[in-house]
Structures are given as structure tokens and as C-alpha cells.
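Keep in mind that what you see is a predicted model, and the values were worked out from it rather than measured. Counting starts at 1 for both ligands and their atoms, following the listed order. These numbers come from the heavy atoms of this one structure, side chains and all, not from hydrogens, waters or symmetry mates.
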Amino acid sequence: MSVVSYQLEGDIGVIRLNNPPVNALSHALRSGIKEALAQAQDDASLALVLICEGRTFIAGADISEFGKPPMLPSLPELLNVVEAFTKPIIAAIHGTALGGGLETAMACHYRCALATANVGLPEVKLGLLPGAGGTQRAPRLVGVKAAMDLITTGVPISADKALSIGLIDKVVEGDLLTSAIKFAQEVIAQGDVIRRVRDIEVDKESALDDFFADCRAKLSQRYRLQEAPQRIVECIEASMNKSFEEGLKVERRLFIECMNSSQSAALRHMFFAERMSSKIKDLPKETQLKDIKRVGIIGGGTMGGGIAMNFVNAGIPVTLLEINDVALQRGKDIIAKNYAMTVKKGKLTNQLATQRQALITGTTDYNDLADMDLVIEAVFENLDIKKQVFAKLDNVCKPGAILASNTSYQDVNLIAESTSRPQDVIGLHFFSPANVMKLLEIVRGDKTSDQVLATSMAMAKTIKKVPALSRVCYGFIGNRMLRQYAREAQLCLLEGSTPQGIDTVMQNFGMAMGPLAVGDLAGIDIGYKAREGLTDEEKGDVRTYCIADALYDMGRLGQKTGAGYYQYDPDTRQRMADPVVLEVIEAQAKQRGVERKAIDDETILQRLTFALINEGFKILEEGIAQRPSDIDVVYVFGYGFPAYRGGPMFYAESIGLEKIYQTICEFGAIYGEEFWQPAALLKQLVEEGKTLTQWANSQ
Ligand code: 3H9
């Protein structure tokens with residue numbers, strides 16, 4: 001079936017697009033529109049309506065065509081034809097008109113939309129800029145300032161908002177086609193009907209003096225180290241200072257630069273990785289989902305409270321269980337404080353915050369969890385305690401309820417064994433703060449049923465999380481890899497670097513925070529307590545934690561005590577280097593017989609990132625992660641890895657596996673083979689001359 005059809009309805013020609021799932025502007029769609037226009041040129045139509053079938057108007061260019069040889073007509077070329085058309089064209093928008101979709105609508109002569117529709121230019125999120133006239137047409141329609149907001153945030157706006165800024169002409173109700181045809185007839189009745197956006201003068205007054213310099217400065221902070229936002233400013237500046245044609249040329253040049261950039265390649269990879277991660281390879285498509293209408297959460301601490309907020313935000317009532325009324329009240333207070341902060345930031349109304357909190361019921365009695373469809377345990381990270389909780393849940397919960405643990409490390413199989421229904425047990429590992437962080441690591445036990453898995457995946461989407469599936473191992477995907485990264489940070493400290501030296505390297509790489517600053521934020525006691533229960537063998541080489549232990553012994557637990565790897569200004573929380581820490585490091589190095597020498601930035605970067613990557617390969621070869629891109633999802637959404645580097649495994653591919661393998665072998669010789677053993681899969685791919693993508697595609 002053709003993706004574009006054209007039909008005359010009275011004196012209105014209707015171009016219908018039908019390219020599921022989101023009417024992306026594939027080559028077939030672009031060609032189809034061009035052909036439909038050619039047909040309409042010569043028929044009896046007086047005006048045209050461009051409308052889409054399915055769940056949405058055009059969601060943009062077809063991202064899967066990017067990076068491949070271009071196929072004509074290109075979108076900019078097609079949109080010039082649309083705009084130049086001699087009969088008025090009305091875009092009829094439902095769902096979302098995004099990127100090239102909104103650009104198509106802006107090239108039409110009029111735009112109407114259902115009130116439920118959203119429109120936006122989200123290209124910046126893909127490391128791109130609107131490349132089909134969007135940077136030139138948007139400022140003409142809505143002014144320079146509003147266009148700058150729309151294009152640099154990438155956040156879609158509602159139809160009403162779009163109407164209020166002049167981006168669309170009409171919000172319609174009822175049947176979209178009927179309304180759009182009526183609108184087209186009104187347009188014809190007006191007589192002077194062709195209104196081209198290119199002919200509008202850009203309102204120069206809307207961007208005075210330092211406007212563009214200010215934008216550049218703000219964007220370099222908001223999108224640290226990213227190129228596309230700065231190029232967007234250049235395009236919008238051109239819309240004001242140059243003719244439409246010249247502006248289009250600037251846009252074209254900068255769009256191509258973006259398209260060819262490694263940042264955009266990485267962000268496009270993340271776009272598909274995020275969507276892929278919710279797909280479980282061996283799960284039958286017809287797996288029935290369970291209904292999740294009521295959720296129980298055990299533990300009302302920061303974690304449990306944050307998890308509860310996710311569900312009530314999605315309208316799902318939560319029963320929060322704590323050991324006594326005092327703890328319960330403390331938990332509710334934390335939640336209330338979080339909501340109050342959200343209200344203060346203007347992200348939620350007071351009324352909604354109250355409504356959501358009203359969906360939380362507190363209890364200290366396990367029997368109150370009897371009717372829950374899903375119960376998530378978020379108690380202290382101790383296997384015995386968790387097993388006791390699950391044994392209790394097994395006694396009280398209704399048959400078929402999903403029993404989940406929010407453990408970050410513990411063996412989900414052992415937890416499952418403490419119940420008579422291991423098929424219903426799963427790990428749901430939220431990341432702190434759980435009401436903010438997007439990642440949800442879903443840990444599949446050996447006996448977890450398909451239905452429980454599929455339901456958990458779907459539930460993640462309901463509460464707006466990005467899920468990634470992991471099999472059981474110590475620390476699952478994320479924390480298992482993190483251990484190797486943290487190991488190298490500690491060894492670099494001991495061997496010659498400083499906390500600020502290491503953190504600066506990793507921040508310049510693009511990490512949200514460096515590993516030592518993260519250690520101070522999380523608390524140095526966390527790692528210490530986690531090691532307490534371990535044997536010396538399990539703890540690993542003492543050099544990998546002796547500095548942390550020494551700081552712990554001094555009561556330097558991180559930000560909460562005002563000092564850790566850094567000292568913190570009590571008022572501003574600003575971190576500062578602390579000479580005492582250097583003394584601690586030097587004393588530890590002396591005690592362990594390590595001679596400290598300066599380590600260059602490149603080596604620090606390679607030691608930390610290659611340690612992460614090598615463990616990622618081990619996780620893949622053991623089948624802990626389904627695919628490399630799932631690991632990328634875990635690191636980008638859970639650990640602040642820069643999305644514009646595409647996650648650790650995409651980054652590995654961009655460096656080249658051979659280089660990584662060789663470096664790891666060299667590191668083994670220099671720093672010790674006890675730390676540096678290349679993963680078997682990495683070695684195998686290098687020997688076979690294969691890329692990770694080739695390997696993933698063959699699985
Ligand atoms: C652009 O337009 C550049 C132009 O300025 C210049 C050109 C010269 N292409 O998200 P979902 C797939 S850049 C190809 O799960 P939802 C997606 O992979 C583009 N495929 O659904 C998934 O596939 P699968 C600017 C696309 O309902 C399926 O559709 N536009 C595209 O949660 C369903 O997607 C954007 O950045 C695409 N453009 O959300 C908008 N979009 O089923 C990107 C989606 O195999 N899209 N797919 O996993 C979105 O934001 C969301 O998909 C949308 C629907 C909100 C539309």
C-alpha cells in the first residue's frame with residue numbers, strides 16, 4: 001500500500017500520509033508528497049489539506065535514513081516546492097508534529113491542530129538543528145526569542161501555546177479532516193490566500209543588544225561541550241541578519257556539519273538504544289500483561305519515598321510500609337518535602353501535589369499489602385533482611401502479585417528462593433533520587449516468569465522510566481561496571497593523581513560529575529559499609545580502597561560531614577581541594593610501597609573508561625546484558641555518562657576495539673594483570689576483525 005494517497009473531496013484536495021508508526025518522512029513519503037502535489041497542480045482543487053493517518057502527524061525526518069546516501073527529493077527541496085505551491089495548503093495536525101514534521105507544517109500556508117496535539121523542534125536532542133528551513137521559518141512566525149526557546153530546548157509545546165505565539169493559525173475540535181476542510185474553505189473565501197512564511201519580516205526588535213551572546217553563554221552551560229546548540233544560535237542569528245535564501249544556506253551548511261558530527265551519531269544511537277532497551281529478545285510477543293493498579297512499597301526512606309512518587313505521579317495508589325509510625329511519618333515528610341520543592345520550582349501546582357500525596361497510604365502492617373498487584377522492597381541492602389521481607393510477602397500477598405526487590409547488588413535468585421513463588425520475583429533497581437533518575441534496571445531472576453518480566457517492562461514506561469534488562473550478577477550491569485571504574489579512580493589517586501585532577505578529566509570528557517565528587521555526594525561510608533560484610537578476597541586488592549577507608553576512619557564521609565575527598569563550604573557547598581587529603585593519599589602510597597608519579601590526563605581517561613568498557617564486554621559475553629546498547633542506556637540514564645558520546649560501548653566502538661584491546665594489554669604489563677585482563681569477547685572480536693555492532697547483529 002502506498003504511504004501517500006491523494007483524493008479530491010469537493011473542491012479540496014486531500015493528501016493523506018500513512019507511514020506507521022509515526023509518519024516519519026522517509027524517502028517514499030517525500031516522493032509521494034511530491035507526486036501528490038504534481039497531481040493537485042492540474043486538478044480542480046482550490047486548496048489542499050495535508051493530513052496523517054495513525055497516531056500522529058509527521059514525527060520528523062526518518063532518523064534511520066541519516067548517515068546513509070541521500071535520496072532525492074531531500075526534505076528542504078520538497079518543502080520549497082510545498083511553500084511555492086500556487087494553491088493554499090493547510091496542514092492538519094494531530095498527535096505530534098515534530099522536527100521535519102513541524103517544518104513541513106511551517107512550509108504549508110496555514111496550520112490547524114487538534115487541541116490535544118503538540119508541536120516542537122526536538123532536533124537538538126539528536127545533536128542536530130532543524131535542517132529543512134525550521135531555523136529560518138520559526139523566527140519569522142513566532143519571533144526570534146520564542147524560536148530560540150523552541151529550537152534550543154527541543155521541548156514540544158501544546159496546540160494552545162502554539163496558537164498563542166503564532167506558530168499555528170487555529171485550534172480545532174471534533175473530526176480533524178472535517179475541521180481542516182472547513183478551514184480550507186474559509187481560506188478560499190478570503191480571496192488573498194497564499195501566505196508564505198518566507199515573506200514575513202523577522203521582528204528584529206525581539207532580539208536586542210547582547211541577546212545572541214547571552215544565548216551562547218547560557219547554552220554552553222546547559223549543553224556543556226555540545227556543538228549543535230551553538231550552531232542553532234548561528235542559524236537564528238542568520239534569520240535576522242540575512243535574506244531567507246541566505247539564511248537557508250547557513251542552515252544547510254551547519255545542519256550537514258551536525259549530521260556528520262560524532263556527537264549526533266552518538267545521540268541518534270541513544271535514540272534507538274532507548275527504544276530498543278524495552279524489548280526482550282526471548283519473550284513471546286503474545287505474553288499477557290498483568291494489571292498494576294495498586295502498589296506496595298516497603299521502606300519509606302529516600303529510596304522508597306522516591307519510588308512511591310513515581311507511581312502516584314502516574315495515578316497509581318501506593319501503600320507505604322514502615323517498621324513504626326515514626327519512620328512512616330519521616331518517610332511521608334520526605335515525600336512532602338520533595339513535592340514542595342517541585343511546586344516551588346513551578347513544575348507542579350499545589351493542587352496536583354496534594355492530590356498525588358493523597359494517593360499514598362501509610363501502614364506498619366504487612367497484611368495491608370494483601371491486595372497489592374506489585375510490591376517493591378526498598379529496605380537496607382542486606383541479603384538476610386531482604387529474605388525475611390520476601391518470606392513475609394509470600395505469606396500475605398495475593399497469588400500472582402509481583403514481588404520486586406530494589407536491591408543494587410544482592411542475588412535476586414536467593415531472594416526469590418525465600419518465597420514459594422520465585423516466578424513472581426524480580427529485581428527493580430531504581431536509581432537515586434528515584435523520582436528523578438530515568439533509569440530502571442530490571443533484574444531477571446533464573447525463574448522470573450515471562451509475564452512478570454513483560455509487565456515490569458510495560459510498567460517502566462507507565463512511570464516514565466527507561467528500562468534496561470540485566471541478568472543476576474553482583475552489582476548487575478551498572479554497579480558491576482562502576483566498581484572497575486571506581487577501582488581505577490582509586491589507583492590513579494594512589495599512584496600520583498589528585499581528586500580534582502581525576503574529576504576534571506572526567507568532567508571534561510562530559511561526565512556529569514567526576515568519580516571522587518560522586519563519592520562525596522553518595523557518602524564515603526556507603527562503600528565502606530558495603531565492604532564490611534565481605535571477605536578479604538571479595539574486597540579485592542587493598543590498594544583499591546585504602547584511601548577511602550582512611551578518609552572514613554577520619555570521619556570524612558563526604559558532603560554530609562563537610563569533607564571527604566574535598567572540603568565543602570558550609571554555606572555554598574562549593575567544593576575545594578584539601579591539602580589534608582593529599583597527605584592521606586601520600587601516607588597510604590608510602591604504606592603500600594607505591595611511588596607516586598604524575599599521571600597525564602589521557603592516561604587517566606583511558607584507565608577509567610577502558611576499565612568500564614572491559615567490564616561491559618565481560619557482561620556481554622556472560623549474557624548479563626542483552627545487547628551493547630542496553631549497557632549504553634544504563635550508563636547514560638543512570639550514571640551521567642555523556643549521551644553525546646553514546647554510552648561506554650558506543651564510545652568503545654568509536655575508538656576502535658583494537659586500540660582498546662592493545663591498551664588494556666599494555667596496562668596489564670604496567671599496572672598489573674590482576675587489574676587488567678582483556679575480556680574474552682573483546683579479544684575474540686579483535687582477532688576476528690569484527691565490530692561490536694556486527695557481533696550484536698549476529699546474536
Ligand atoms: C529531523 O526531523 C531533521 C529535520 O529537521 C531535517 C531533515 C533534513 N524516524 O518513540 P516511540 C520509531 S530529526 C525513524 O517508541 P512514542 C521509533 O524508533 C527528527 N523512526 O513512540 C520506534 O520504533 P520501534 C526529529 C522513528 O509513541 C517507533 O517509531 N523528530 C522516528 O513513545 C515508535 O516510537 C524527532 O526527534 C523517526 N523520526 O513516541 C521525534 N520517530 O517501534 C522522534 C520514532 O521499532 N520521535 N521512530 O522501536 C519521538 O519523539 C517519538 O517517537 C514520538 C512518539 C513522540 C513521535
(request) Please state whether the rings of Phe431 and His429 are parallel, tilted or perpendicular, taking 30° and 60° as the class boundaries. (result)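 It falls in the tilted class, 30° to 60°.
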(message) Can you tell me how the ring of His269 sits relative to the ring of Phe650, calling it parallel under 30°, perpendicular over 60° and tilted otherwise?
(response)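 Taking Phe650 first and then His269, their aromatic rings lie parallel (interplane angle under 30°).
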Would [X] count as a polar contact of ligand 1, with the cut-off being nitrogen or oxygen pairs under 3.5 Å?
X	answer
Ala59	yes
Leu75	no
Ala61	yes
Thr96	no
Gly131	yes
Ser64	no
Gly100	yes

(request) Give a yes or no on whether the backbone of Arg111 and the side-chain of Asp169 come within a donor-acceptor separation of less than 3.5 Å. (result)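 The answer is yes, because a donor-acceptor pair under 3.5 Å joins these two groups.
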For [atom], the protein heavy atom that lies nearest, with its residue and separation:
atom	answer
atom 47 (N) of ligand 1	Val22 CG2, 3.8 Å
atom 10 (O) of ligand 1	Arg275 NE, 2.6 Å
atom 46 (N) of ligand 1	Phe271 CZ, 3.6 Å
atom 14 (C) of ligand 1	Asp62 OD1, 3.3 Å
atom 16 (P) of ligand 1	Arg55 NH2, 3.5 Å

Closest approach of [X] and [Y], non-hydrogen atoms and distance?
X	Y	value
Lys87	Ile194	C-CD1, 3.4 Å
Gln699	Lys281	CB-NZ, 3.9 Å
Gly306	Ala434	C-CB, 3.7 Å
Ala238	Gly247	CB-CA, 4.3 Å
Ser26	Asn19	OG-ND2, 3.3 Å

(message) Check this for me: Lys125, atom NZ, are more than 12 non-hydrogen atoms of other residues, nucleotides or ligands nearer than 6.0 Å?
(response)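 Yes, because the 6.0 Å sphere around NZ of Lys125 holds more than 12 heavy atoms from other groups.
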(message) Heavy-atom count check: over 12 atoms from other residues, nucleotides or ligands less than 6.0 Å from Met240 CE?
(response)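 Result for CE/Met240: enclosed.
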Does any donor atom in the side chain of [X] or [Y] lie under 3.5 Å from an acceptor atom in the other side chain?
X	Y	value
Thr86	Gln41	yes
Ser220	Arg216	no
Gln7	Arg16	yes

Quick one: does [X] get within less than 4.0 Å of ligand 1, heavy atoms only?
X	result
Lys125	no
Leu98	yes
Lys279	yes
Gly134	no
Glu65	no

(message) Given Arg30, which partner from the list Glu77, Glu65, Glu35 fulfils the side-chain hydrogen bond (donor to acceptor under 3.5 Å, both in side chains) test?
(response)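 Result: among Glu77, Glu65, Glu35, Glu65 is the only option passing the side-chain hydrogen bond (donor to acceptor under 3.5 Å, both in side chains) with Arg30.
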Does ligand 1 have a heavy atom under 4.0 Å from the side chain of [X], from its backbone, from both, or from neither?
X	result
Pro21	side chain
Leu121	neither
Glu103	side chain
Arg268	neither
Ile63	both

For [X], counting its heavy atoms only, list the atoms of ligand 1 lying under 4.0 Å from any of them.
X	result
Phe272	18 (O)
Leu126	13 (S), 19 (C), 36 (O)
Pro122	30 (N), 35 (C), 36 (O)
Glu123	1 (C), 2 (O), 3 (C), 4 (C), 5 (O), 13 (S)
Gly99	2 (O), 25 (C)
Pro130	5 (O)
Lys461	32 (O)

(message) If we count only non-hydrogen protein atoms and require a distance under 4.0 Å, does atom 43 (C) of ligand 1 qualify as touching the protein?
(response)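 Yes, there is a protein heavy atom closer to it than 4.0 Å.
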(request) Answer yes or no for atom 23 (O) of ligand 1: protein heavy atom present at a distance under 4.0 Å? (result)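 It does not; no protein heavy atom is within 4.0 Å.
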(request) Any chance you could lay out the ring pair (Phe, Tyr, Trp, His ring centres under 6.0 Å) test for Tyr635 and Tyr651, step after step, and finish with the verdict? (result) CA-CA 11 Å; Tyr635 262 78; Tyr651 177 62; over 10 Å; no
(request) Check whether any side-chain heavy atom of Leu25 lies under 4.5 Å from a side-chain heavy atom of Ile33, and answer yes or no. (result)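 Sidechains of Ile33 and Leu25: in contact.
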(message) Less than 6.0 angstrom from the centroid, inside 45 degrees of the normal: does Arg275 satisfy that with respect to the ring of Phe271?
(response)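 Yes, cation above the ring, under 6.0 Å and within 45°.
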(request) State the CG-CD distance between Leu254 and Gln230, to the nearest 0.5 angstrom. (result)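 With rounding to 0.5 Å, CG (Leu254) is 11.5 Å from CD (Gln230).
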